[in-house]
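Here is the structure we will look at, set down as structure tokens.
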Amino acid sequence: MKLGLSSQNALPIASRPLVRPGEVRPGIVHLGLGAFHRAHQAVYTESAVAASGGNWGIVGVAPRSREIVDRLREQDQLYSVLTVGSGERDHVRAVGILAGLAHAAGDPYGVVAAVADPGIRIVSLTVTEKAYQPPADLSAQVTGKAPPVSVPALLARGILARHGAPLTVLCCDNLQGNGPRVRSLVAETLEHAGAELPDTVAFPSTMVDRIVPATSADHRRRAALALGADDAVPVAAEPFTQWVIEDRFPGGRPDWAAAGAILTTDVTPWETLKLRALNAVHSALAYLGALAGRELIADALELPGMTGVLRRFLADEVTPAVTPPPGTTVTGYGATVLTRFANRELGHRTLQVAMDGTQKLPHRLLGTVQDLRDQGGTPCWAGLFLAAWMRFARGYADSGAPLPLDDPMASRIRESLSAVPDTPNGVTSALLGLTEVFPPSLAGDDVLRREVVRWYSSLDRHGAEATIREAGA
Ligand code: CS2
């Protein structure tokens with residue numbers, strides 16, 4: 001049996017979709033139909049609609065690959081979410097909140113029309129950090145000389161075509177200050193068309209959190225077993241989920257609070273805590289783990305000394321500059337994060353988290369470094385993590401095995417590295433010189449440079465495993 005409209009009533013009761021495909025009209029266009037959206041915002045939205053109603057079906061837009069669109073069409077827009085690592089029996093839930101599908105690279109004008117549709121009141125995004133970089137031909141994409149395939153062009157052209165109808169653009173990517181950031185990107189993009197951002201469009205910030213790895217063959221098998229039906233595109237996720245949303249929606253919104261989301265006037269404390277405690281630690285595990293030959297995040301966490309290092313980073317370097325939300329402490333939050341990272345069933349690969357370091361590190365690590373330096377502190381552990389990223393960028397593990405550098409700046413990185421001697425000083429200077437990543441205040445900071453060189457030397461000479469064992473003892 002295949003998952004689809006005709007099989008939905010044969011699923012176990014607890015796995016049936018709360019909203020049946022076609023039952024609600026679209027109210028949201030979502031750009032980025034990856035696993036994370038399907039296991040996070042889509043699940044909240046389906047629960048909200050089931051609890052409180054509203055035409056908040058989601059038109060899912062795949063930016064580049066159309067594979068997911070084709071697979072979902074074959075399943076009448078149904079897919080399932082498998083929750084793993086709860087210590088209980090596998091729980092799987094089919095989700096029916098998708099109310100349309102589109103492929104931006106294949107049909108950009110169709111996506112612009114979807115954004116412009118007056119029934120749409122929210123455009124949300126999970127397109128990863130790098131998609132917010134304006135493309136070289138942005139002006140042509142906005143003025144109509146080239147198809148609007150980039151995220152800023154799709155948003156700008158869609159907004160123009162709405163003629164002022166109220167809209168909320170909801171960025172769900174891990175960027176610091178994600179609302180204002182996307183707002184200025186869209187405003188700058190509109191300038192290319194000689195237009196201004198209408199004041200009927202809001203850009204609230206939001207903090208999203210759920211670990212959703214790439215789906216493995218094992219996840220697919222377990223989802224099918226629990227569903228009693230084959231799903232070509234299930235997503236696996238941890239039991240934990242959190243969504244904090246700045247409540248500013250001129251065109252209305254689903255009752256996400258009924259689904260467990262936190263609606264607030266200020267997301268900043270949540271966002272900063274999550275980026276600096278969770279995501280920074282994730283990247284540290286990814287680079288150090290990959291160097292030490294560990295395949296999974298859960299394996300990296302088991303390196304002797306690793307939890308000691310991470311706890312010290314949280315206590316000594318994240319805590320001093322962060323005001324966590326009321327009732328929360330950085331160390332308490334960090335302890336929960338470490339338990340979540342130990343979830344082996346997720347099968348979350350170090351190489352997946354290691355991707356796109358140049359786009360991620362400024363948001364998750366460099367704010368901590370800057371704040372520490374402003375307070376006269378020394379970024380010891382943050383320096384280790386940066387050194388691990390730099391050592392990773394050399395392209396091979398401690399064993400000599402090749403490591404892929406999957407990053408939009410990979411060729412710039414290789415170029416910079418080839419121009420310097422392959423020494424701790426050379427590599428550090430070359431990579432601190434990437435102006436898109438390091439602001440001048442950090443690139444020229446001698447204390448930071450000293451820390452990075454010191455750790456890089458140790459990683460180079462003794463390897464990540466020995467360095468961590470000694471540092472975390
Ligand atoms: C991870 C995040 O891939 C990464 O860089 O740090 O995707 C992380 O799993 C999520 O932010 C958790 O909410």
Side-chain angles (χ1 to χ4, degrees), residues 32-44 81 83-85 124-132 171-176 178 205-216 219 235-245 260-262 267 270-290 294-298 300-301 310 313-314 318 333-334 336-368 385-386 388-389 392 404-409 437:
L33 202 42
F36 181 69
H37 169 71
R38 285 183 285 137
H40 190 274
Q41 305 101 65
V43 170
Y44 277 92
V81 178
T83 304
V84 296
S124 53
L125 305 114
T126 50
V127 285
T128 80
E129 294 86 344
K130 59 179 173 254
Y132 298 94
C171 172
C172 301
D173 279 298
N174 289 319
L175 317 175
Q176 180 82 55
N178 56 12
S205 286
T206 172
M207 184 279 263
V208 290
D209 192 7
R210 189 171 195 188
I211 301 173
V212 185
T215 309
S216 68
H219 296 143
V235 281
E238 64 171 337
F240 180 94
T241 181
Q242 192 175 44
W243 196 7
V244 185
I245 309 164
I262 300 172
V267 172
W270 297 96
E271 187 182 61
T272 308
L273 179 64
K274 196 244 170 179
L275 284 165
R276 293 190 181 193
L278 186 150
N279 292 116
V281 166
H282 226 180
S283 290
L285 285 164
Y287 298 121
L288 290 164
R294 298 301 193 269
E295 192 196 347
L296 302 181
I297 292 290
L301 195 60
L310 299 175
F313 165 68
L314 291 166
V318 179
Y333 179 87
T336 316
V337 163
L338 295 187
T339 313
R340 291 168 56 197
F341 288 168
N343 184 342
R344 173 166 298 284
E345 289 184 42
L346 284 171
H348 206 184
R349 295 172 64 242
T350 46
L351 290 182
Q352 190 186 351
V353 180
M355 268 172 56
D356 293 348
T358 59
Q359 311 297 301
K360 292 174 174 175
L361 293 175
H363 297 281
R364 43 185 80 180
L365 195 57
L366 299 188
T368 294
F385 304 162
L386 282 175
W389 167 67
F392 178 91
L405 182 58
D406 194 337
D407 192 295
M409 288 181 69
V437 181

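Numbering of ligands and ligand atoms starts at 1, following listing order. In this chain, numbering begins with 1 at the start of the sequence shown.
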Report task. Could you tell me the separation between the CD1 atom of Ile245 and the CD1 atom of Ile262, rounded to the nearest 0.5 Å? Result -> 9.5 Å
Query raised in the report: Which one of Val208, Val281, Asp209, Asp356 has a non-hydrogen atom at the shortest distance from atom 13 (O) of ligand 1?
Result: Asp209
Requested in this report: Run down the list His363, Lys274, Met355, His282 and name the one with the heavy atom closest to atom 9 (O) of ligand 1.
Outcome: His282
Query raised in the report: Roughly how far, to the nearest 0.5 Å, is the OG1 atom of Thr206 from the CD atom of Gln41?
Result: 7.5 Å
Report task. Pick one of side chain, backbone, both or neither for how Met207 approaches ligand 1, counting any non-hydrogen atom pair under 4.0 Å. Result -> neither
Query raised in the report: Which of the atoms of ligand 1 are close to Arg364, meaning less than 4.0 Å from one of its heavy atoms?
Result: 4 (C), 5 (O), 6 (O)
Query raised in the report: Which atoms from ligand 1 have a heavy atom of Asn174 less than 4.0 Å away?
Result: 11 (O)
Report summary line: If you scan protein heavy atoms around atom 4 (C) of ligand 1, the nearest is Lys360 NZ, 3.5 Å
Query - Shortest heavy-atom approach to atom 2 (C) of ligand 1 - which of Asn279, Leu275, Thr128, Ile297 - result: Asn279
Query raised in the report: Say you draw a straight line from NZ of Lys274 to NE2 of His363; how long is it, rounded to the nearest 0.5 Å?
Result: 12.0 Å
Query - salt bridge (charged side-chain N to carboxylate O under 4.0 Å, His left out) evaluation trace for Glu295 with Arg349 - result: CA-CA 6 Å; Glu295 192 196 347; Arg349 295 172 64 242; 3.7 Å; yes
**Report entry** Inter-residue atom distance Cys172.SG - Asp209.CG, 0.5 Å rounding
**Finding:** 12.5 Å
Requested in this report: Mind telling me whether Phe36 and His40 have parallel, tilted or perpendicular rings, with 30° and 60° as the class edges?
Outcome: parallel
